[in-house]
Number of protein chains: 2
Amino acid sequence: MNTNVVLDLAKLRRRCAQCSLHQLCLPAGIGHDDLDQLDAIVRRRRPLTRSERLYRIGDPMNALYVAREGSFKTVAINSDGEEQIIGFHLPGELMGLDALGSGRHRCEAEALGPTQVCEVPIESLEEVIHAIPGLSAQILRVIGRSVARDQDHLEMLGRRQAQERIAMFLHGLSERFRVLGHPSAEFSLPMSREDIARFLGLVIETVSRGFTRLQDEGVIKVRGRQLRILDPRQLETMALGSPDAPREQVCPRSA
Amino acid sequence: MNTNVVLDLAKLRRRCAQCSLHQLCLPAGIGHDDLDQLDAIVRRRRPLTRSERLYRIGDPMNALYVAREGSFKTVAINSDGEEQIIGFHLPGELMGLDALGSGRHRCEAEALGPTQVCEVPIESLEEVIHAIPGLSAQILRVIGRSVARDQDHLEMLGRRQAQERIAMFLHGLSERFRVLGHPSAEFSLPMSREDIARFLGLVIETVSRGFTRLQDEGVIKVRGRQLRILDPRQLETMALGSPDAPREQVCPRSA
DNA sequence: CGGTCGGTTGATTGCCCTCAACCTCAGTGG
DNA sequence: CCACTGAGGTTGAGGGCAATCAACCGACCG
C-alpha cells in the first residue's frame with residue numbers, strides 16, 4: 001500500500017483546491033489564489049480511528065476542525081457520568097465551536113470510525129480572516145450552518161413523541177447525506193443505536209422499536225446500520241408534521 | 001417627548017462606552033477609541049413592546065442584535081403550526097445567528113416585554129471586523145457564548161425527567177441573571193409558563209406541577225412570575241445531577 | 001358583573017422507561 | 001469444525017410518569 005500512485009493521491013488530497021469538500025467547507029466565492037493561501041494555514045492531522053478523540057472536555061481551544069473523511073460525535077458528560085450526544089458531524093461539517101465562548105471545550109469529539117481531519121489553528125484564524133478578503137463572511141456562514149444544525153436538534157428534542165423525533169432524525173440525516181452528494185435514500189448509519197438514543201433523549205429500546213415500527217409501516221428498511229428509505233414523502237411528513245394532516249384535527253388555522 | 005433633557009439622555013444612551021452592558025456585549029479588551037468606532041456603526045432601534053417582533057421566519061438577515069433592556073424569545077414554528085421555543089435572550093445576549101447559515105431567519109424573535117435593542121448591520125459587520133483590530137476575536141467569543149447557551153438547552157432537553165429539566169432551567173436562568181449583575185436568588189421570570197413549557201419540551205401543566213413540587217420541597221418560593229430561590233445548593237444538585245461536586249472551576253479568563 | 005387570560009390542581013390514559021430474555025454476528029480458541 | 005464469549009441489537013411484560021382532559025382560581029378589564 002505504499003506505491004507512488006498512492007503517495008501522489010495522498011498529496012493531491014492535501015490540497016484544499018482538490019478537496020471534494022471545499023465547496024461545502026467554505027462555500028462559494030473563494031478564488032484559487034485564496035485557496036493557496038488557505039493551504040498554507042490549514043493543517044492536516046494524523047488519521048484517527050474509531051473512539052479516538054479530537055479533543056476532550058476542558059481542553060483549551062486550539063483550532064476549528066472539519067472532517068474530510070469519516071464522522072464524529074460530540075458528547076457532553078454530566079456529573080452523574082451520563083453521556084449526552086450534542087451533535088453528529090459528517091464530513092464537511094464544522095466541529096469545535098463549543099469552546100469559542102470560554103476558550104475551553106465543553107464536549108468530547110470522538111471519531112465514529114476511521115477519519116481524516118483538517119484544522120485551522122485558532123491563532124491563525126484571526127490573521128486568515130484579515131489576510132483573505134471575504135473569508136470572514138465564509139467563516140460566519142460555516143458557523144451559521146453549525147448553529148442551524150443545533151437548532152434542528154433542539155426542534156427534534158422539543159417533540160414529545162419518540163416516533164416524531166426518530167423520523168426527524170432519519171429525515172435530517174438523509175438530507176445531510178444528500179447535500180454531501182451521497183445517496184440519501186440508502187446509506188449506512190455512522191453511529192450506534194446507543195448514540196442515537198443519547199442524541200434524541202431516549203433509551204436504546206425505544207429507538208429500536210421506533211425503527212421496527214417505521215419498517216412495519218413500509219417507510220424504511222433497516223438491518224443493523226444499513227438503512228434504506230422506501231417512502232421519503234411519508235418520512236418527511238412524519239418528520240415535519242403534517243402538511244395536509246392525517247395528524248390530529250386542527251381548528252381552521254387562523255392567520 | 002422632545003425636550004432637551006430627554007434628548008440628552010437619549011444621546012447618552014447611544015454611547016457604547018456608557019452602556020452598562022458593554023463588558024458583556026463585547027467582553028474585555030476594547031479600547032475607548034474602538035468603542036467610538038463601534039458607536040458609528042451600531043444602530044439603536046425604536047423600542048419594542050411585548051409581542052412585537054424583531055424579525056420573522058424567512059426574513060433576510062439584516063443584522064445581529066443585542067437587547068440592552070428587556071428580554072426576547074426566539075420561536076420556531078413547525079408545519080403543524082406548533083411553536084417551539086429555541087431560546088430566551090436576556091440583555092447582553094446575542095440574537096440573530098440563526099440566519100447566518102442560509103441568510104434567512106429560521107425563527108421569530110419576539111419581545112417578552114418592553115425592550116431596547118442595538119443592532120450591527122450585517123453589511124457593516126465585515127468592515128467592522130477589519131477596521132477594529134481584535135474585534136473579530138470578540139465577535140467570535142460572543143457567538144461562542146450563544147452556541148454554549150444552545151448546548152445548555154440541548155442538555156436540558158436530553159434529560160428525560162421533567163423535574164430535572166425544570167431544575168436545570170431555573171438554575172441556568174439564575175446563573176445568567178448573576179452574570180448580568182442582577183439578583184440571582186430572587187427575580188421575576190420574563191416568560192410565561194407556556195413559554196417555559198415550549199422551551200423544555202413539556203406541557204404547561206407539567207411545568208406548573210414541577211414548580212409547585214420544588215416549592216413543597218422548600219427549594220424555591222414561587223408566586224406567579226415572582227421567584228425566589230431558597231436553597232441554591234439543592235437546586236444546583238438537582239440541575240447538575242451531581243451529589244456534591246462543587247461545580248467546575250472557573251478558569252481565569254484568558255485574553 | 002361576565003369574560004378572558006394565565007395559572008393551578010385533580011383524575012385518567014397511555015407512552016415510554018425499566019427490567020429481562022433472546023437474537024445475531026464476529027472473533028477466538030479448542 | 002464447534003463451543004464460547006461479548007457487544008450490539010431486538011423483543012416482551014409491566015409499571016411509572018407525563019400528557020390529556022377538565023374543573024377551578026385569581027387578576028384584570030370592559
Side-chain angles (χ1 to χ4, degrees), chain A residues 49-51 73 80 82-85 110 112-113 156-170 188-217 220-227 238 241 247-251 254, chain B residues 49-51 73 80 82-85 110 112-113 156-170 188-217 220-227 238 241:
Chain A
T49 64
R50 184 181 135 69
S51 88
K73 61 178 174 183
D80 310 355
E82 205 176 328
E83 296 189 350
Q84 154 87 2
I85 309 284
E110 183 179 328
L112 294 170
M156 280 180 228
L157 291 178
R159 296 309 189 90
R160 273 154 299 149
Q161 302 290 325
Q163 203 65 3
E164 284 182 284
R165 293 192 207 172
I166 292 168
M168 290 178 84
F169 172 70
L170 292 179
S188 176
L189 295 166
M191 70 295 284
S192 68
R193 297 290 191 275
E194 174 98 43
D195 287 338
I196 297 171
R198 292 190 164 155
F199 182 77
L200 293 179
L202 302 171
V203 296
I204 187 174
E205 296 97 322
T206 304
V207 173
S208 182
R209 280 185 247 267
F211 279 14
T212 302
R213 192 171 138 200
L214 283 175
Q215 184 168 247
D216 291 345
E217 293 167 341
I220 64 172
K221 175 87 177 69
V222 60
R223 180 175 169 77
R225 294 195 178 186
Q226 205 55 36
L227 185 89
M238 302 172 90
R247 185 101 183 106
E248 198 177 33
Q249 96 311 335
V250 175
C251 34
S254 46
Chain B
T49 65
R50 185 181 134 69
S51 88
K73 62 179 176 184
D80 310 355
E82 207 176 326
E83 296 189 350
Q84 154 86 3
I85 310 285
E110 185 179 326
L112 294 170
M156 280 179 227
L157 291 179
R159 297 308 191 87
R160 274 154 301 153
Q161 302 291 324
Q163 203 66 3
E164 283 183 284
R165 293 190 208 172
I166 292 167
M168 291 178 83
F169 171 71
L170 292 180
S188 175
L189 296 166
M191 70 294 282
S192 68
R193 298 290 191 274
E194 174 97 44
D195 286 338
I196 297 172
R198 289 186 167 158
F199 181 78
L200 293 179
L202 301 170
V203 296
I204 187 174
E205 295 96 325
T206 304
V207 173
S208 181
R209 277 185 250 267
F211 278 15
T212 301
R213 194 172 135 199
L214 283 175
Q215 184 167 246
D216 292 345
E217 293 167 341
I220 64 173
K221 173 87 177 72
V222 61
R223 178 174 172 79
R225 295 195 176 185
Q226 204 56 37
L227 185 89
M238 302 173 89

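Chain identifiers are assigned alphabetically (A, B, ...) following the order of the sequence lines, protein sequences preceding nucleic acid strands; residue numbering begins at 1 within each chain.
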Length of the CD1-P vector between B:I204 and C:dG10, whole Å: 17 Å
Residue list, side-chain contact (heavy atoms from CB on, under 4.5 Å) with B:R50, at least two apart or on another chain: none
A:K221 side chain reached by A:Q215 side chain, heavy atoms, under 4.5 Å: yes
Length of the CG-C1' vector between B:D195 and C:dC5, whole Å: 14 Å
Sequence-distant partners of A:F211, ring-ring contact (aromatic ring centres under 6.0 Å, His included), two or more places apart: none
Base versus backbone protein contacts along nucleotides 11-22 of chain C [heavy-atom cut-off under 4.0 Å; B, S, -]: B----SSBBB--
Results of side-chain contact (heavy atoms from CB on, under 4.5 Å) for A:E217 - residues two or more places apart only: A:R213, A:L214, A:V219, A:M238
side-chain N/O A:R193 vs D:dA7 OP1/OP2, d < 4.0 Å: no
Donor-acceptor contacts, no H, no angles, side chain residues 198-206 of chain A, under 3.5 Å, sequence neighbours left out:
from, atom 1, to, atom 2, distance (Å)
A:R198, NE, A:E194, OE2, 3.4
A:R198, NH1, A:E194, OE2, 3.3
A:R198, NH2, A:E194, OE2, 3.3

Value in whole Å for how far the P atom of D:dG8 lies from CE of A:M191: 15 Å
A:T212 vs D:dT11: side-chain N/O to OP1/OP2 distance below 4.0 Å: yes
Rounded distance in Å - CZ (A:R225) to C1' (D:dG8): 8 Å
Test side-chain contact (heavy atoms from CB on, under 4.5 Å) applied to B:S188 - qualifying residues, sequence neighbours left out: B:R225, B:Q226
